[in-house]
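The structure appears below as structure tokens.
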Amino acid sequence: MIEERFDAIVVGAGMAGNAAALSMAKRGMKVLQLERGEYSGSKNVQGAVLDADILEQLTPDFRENAPLERRLVEQRFWIMESRSHIGLRYRFNDCNHQRPNRYIVIRPEFDKWFSCKVKEAGATLLCQTTVTELAQNRRGRVIGVRTDRQDGIIHADVVVLAEGVNGLLGTCAGLRERPTPDQVALEVEEMHLLPRETIENRFNLKRDEGVVIEAAGTISRGMTGMGFIYANKECISLGIGCLVSDLQRTGETPYGLLDRFKRHPSVVPLIDGSELKEYSAHLIPKSGYNTIPQLYGDGWVVIGDAAELDSTSYRGRLNVAMISGKIAPEAIFRVKSRGGRCTSNSLSLYKKMLNESYEDLKKRICRR
Ligand SMILES: Cc1cc2nc3c(=O)[nH]c(=O)nc-3n(C[C@H](O)[C@H](O)[C@H](O)COP(=O)(O)OP(=O)(O)OC[C@H]3O[C@@H](n4cnc5c(N)ncnc54)[C@H](O)[C@@H]3O)c2cc1C
């Protein structure tokens, strides 16, 4: 039974949760982080492109020790027909070279490393622990959480909800609404193992160079969605995602779409002879700036995908998740260091700081 009281409880150890737990622990706050997976990243089997500007602010030495697959030097866009594609290639040899800030990472490895940084900073992480309920007092103020590990409430001054897009805690407690099918996309992704040399030859890469292909056109069968291919060190990530409402309307299955994408004559030569390692499926918020839910209340804030912070850039979501994971703790810390309580009124600072954080935050988050 955990009797002690925490300054903050962070629910989830994905990108947003890790950024938040790290920011607060570095400020000397007493932080408990709860993750239902076996370890941080175990629920996010995916290759991903990471814009690293916020990561650099949180861990300036990340280039020396983070498990980075490749630095991105080339972006390809494919407009696909049933058996062909029109391609556009943008290569930036100089720009991502000296202090690269855009990398391809494999989430389970990267999140595990990020989580070590959180623990080194002094936060307590409990994995294989599902938060089953937000504990609220009679006035509706969130005072802590209940978990599947023990009876009773674990108390904290503030609960940071970083439970991802499908997070049920916030919706069950009536703090936010469940996204509707036209507000989320379902993405499926596979990892294909290939020798490093083969990948570098097929994608025309040297050493740590990386390439991303984004593909639109007939592969999404008329639905809103796109496919992607990332060249990692020794595997290729390949996936496709479409709006859930479109999948419901058409009866198309995500796996059927992925299978067709893999069998496309433009894709076959890239993955030929590979060994399928992993398959995963995940929702992605697509609701846009104007439908961002309430981000704070008495005793709680919500960050990352749980806050439906989508990004205009397909690959900007991790960064946006980390922006909120950095700013919410700054707001909480300011409130607490002035001796204030984490009320709805005082935590409105988070939304204000989020809005002011980037001149282009509205542009970063899609408008629909
Ligand atoms: C296939 C795919 C490819 C993607 N590629 C990219 C990309 O290239 N670049 C990019 O920027 N973004 C990409 N994204 C989006 C990116 O993965 C998300 O935006 C990001 O993971 C959001 O981080 P988060 O921390 O908010 O949520 P998550 O990473 O989903 O983390 C939430 C965590 O909370 C835990 N959790 C949930 N409920 C509970 C509970 N009740 N108790 C305890 N723990 C709980 C989960 O286990 C999980 O670890 C991709 C997404 C998918 C699906």
Side-chain angles (χ1 to χ4, degrees), residues 8-24 33-36 43-44 48 51 54-55 58 111 131 134 142 145 156 158-180 182-185 187 244 282-333 335 342 344 346-358 360-368:
I9 292 175
V10 180
V11 182
M15 222 48 141
N18 281 339
L22 178 62
S23 295
M24 290 188 287
Q33 189 180 26
L34 301 167
E35 165 59 46
R36 65 180 175 176
K43 297 282 181 190
N44 271 312
D51 282 355
I54 297 295
L55 180 69
L58 292 169
D111 288 17
V131 176
L134 290 175
V142 173
V145 299
V158 63
V159 174
V160 179
L161 286 166
E163 51 176 344
V165 63
N166 211 15
L168 295 173
L169 292 172
T171 42
C172 290
L175 308 181
R176 67 180 182 110
E177 281 177 26
R178 206 162 181 196
T180 53
D182 64 332
Q183 292 177 338
V184 277
E187 289 220 350
V244 171
H282 211 288
L283 291 173
I284 288 191
K286 283 279 156 218
S287 41
Y289 186 84
N290 294 328
T291 50
I292 291 175
Q294 179 68 17
L295 296 178
Y296 57 88
D298 278 335
W300 62 274
V301 293
V302 59
I303 61 175
D305 274 10
E308 295 171 47
L309 298 176
D310 187 10
S311 166
T312 36
S313 146
Y314 180 72
R315 302 170 314 277
R317 297 187 207 110
L318 292 174
N319 204 38
V320 170
M322 277 194 278
I323 291 173
S324 58
K326 177 172 173 286
I327 286 176
E330 279 169 17
I332 292 167
F333 184 73
V335 168
C342 291
S344 178
S346 62
L347 291 175
S348 64
L349 181 63
Y350 160 44
K351 174 108 189 269
K352 185 168 174 285
M353 288 171 66
L354 193 63
N355 277 329
E356 289 168 0
S357 61
Y358 279 87
D360 62 347
L361 191 76
K362 271 195 186 176
K363 284 188 213 147
R364 275 179 184 239
I365 297 174
C366 305
R367 288 199 239 194
R368 292 177 77 200

Heavy-atom closest pair, residues [X] and [Y]:
X	Y	value
Ala307	Pro293	O-CD, 3.3 Å
Ser324	Leu354	CA-CD1, 4.1 Å
Asp111	Ala13	OD2-O, 4.3 Å
Gly325	Ile303	CA-CD1, 3.8 Å
Pro179	Val184	CB-CG1, 3.9 Å

For this session: Would you check if Val145 and Leu34 make a side-chain contact, meaning some heavy-atom pair closer than 4.5 Å?
Result: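 Yes, at least one pair of side-chain atoms sits under 4.5 Å.
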For this session: Taking the side chain as every heavy atom from C-beta outward, state whether Ser23 and Leu58 have any pair of such atoms under 4.5 Å apart.
Result: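 Result yes, sub-4.5 Å side-chain heavy-atom pair found.
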Exercise. Salt bridge (Lys or Arg N to Asp or Glu O under 4.0 Å): which pairs involve residues 165-176, sequence neighbours left out?
Worked result: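 Qualifying pairs, neighbours excluded: Arg176-Glu308.
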Exercise. Which pairs count as salt bridge (Lys or Arg N to Asp or Glu O under 4.0 Å) when at least one residue sits in residues 291-306, sequence neighbours excluded?
Worked result: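 Every candidate salt bridge (Lys or Arg N to Asp or Glu O under 4.0 Å) pair involving residues 291-306 fails, so no pair, neighbours aside, qualifies.
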For this session: Mind checking side-chain contact (heavy atoms from CB on, under 4.5 Å) for Ala48 and listing every partner two or more places apart, or none if nothing turns up?
Result: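 Scan of Ala48 (side-chain contact (heavy atoms from CB on, under 4.5 Å), adjacent residues dropped) gives Gln46, Val105, Arg107, Leu318.
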Exercise. What pairs with Gln294 under side-chain contact (heavy atoms from CB on, under 4.5 Å), at least two apart in sequence or on another chain?
Worked result: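 Partners of Gln294 by the side-chain contact (heavy atoms from CB on, under 4.5 Å) criterion, ordered by chain and then number, come out as Tyr296, Trp300.
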Report the distance from atom [atom1] of [X] to atom [atom2] of [Y], rounding to the nearest 0.5 Å.
X	Y	atom1	atom2	answer
Ile323	Asp51	CD1	CG	9.0 Å
Leu295	Asn355	CG	CG	8.5 Å
Glu356	Leu349	CD	CG	8.5 Å

For this session: Among Val159, Ile9, Val158, Val301, find the residue that satisfies the side-chain contact (heavy atoms from CB on, under 4.5 Å) test when tested with Val142.
Result: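 The residue from Val159, Ile9, Val158, Val301 that satisfies side-chain contact (heavy atoms from CB on, under 4.5 Å) with Val142 turns out to be Val159.
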With a 3.5 Å cut-off and sequence neighbours excluded, list the donor-acceptor pairs that the side chains of residues 161-168 form with protein atoms.
{"residue": "Glu163", "atom": "OE1", "partner": "Leu168", "partner atom": "N", "Å": "3.3"}
{"residue": "Glu163", "atom": "OE1", "partner": "Leu169", "partner atom": "N", "Å": "3.1"}
{"residue": "Glu163", "atom": "OE2", "partner": "Gly170", "partner atom": "N", "Å": "3.1"}

Under the rule for side-chain hydrogen bond (donor to acceptor under 3.5 Å, both in side chains), what residues qualify as partners of [X], not counting sequence neighbours?
X	value
Lys326	Gln57, Glu330
Ser348	none
Gln33	Asn18

Exercise. Should Met15 and Asn44 be marked as a side-chain contact (heavy atoms from CB on, under 4.5 Å) after you check the CA-CA gap, both sets of side-chain angles, and the distance that decides it?
Worked result: CA-CA 10 Å; Met15 222 48 141; Asn44 271 312; over 6 Å; no
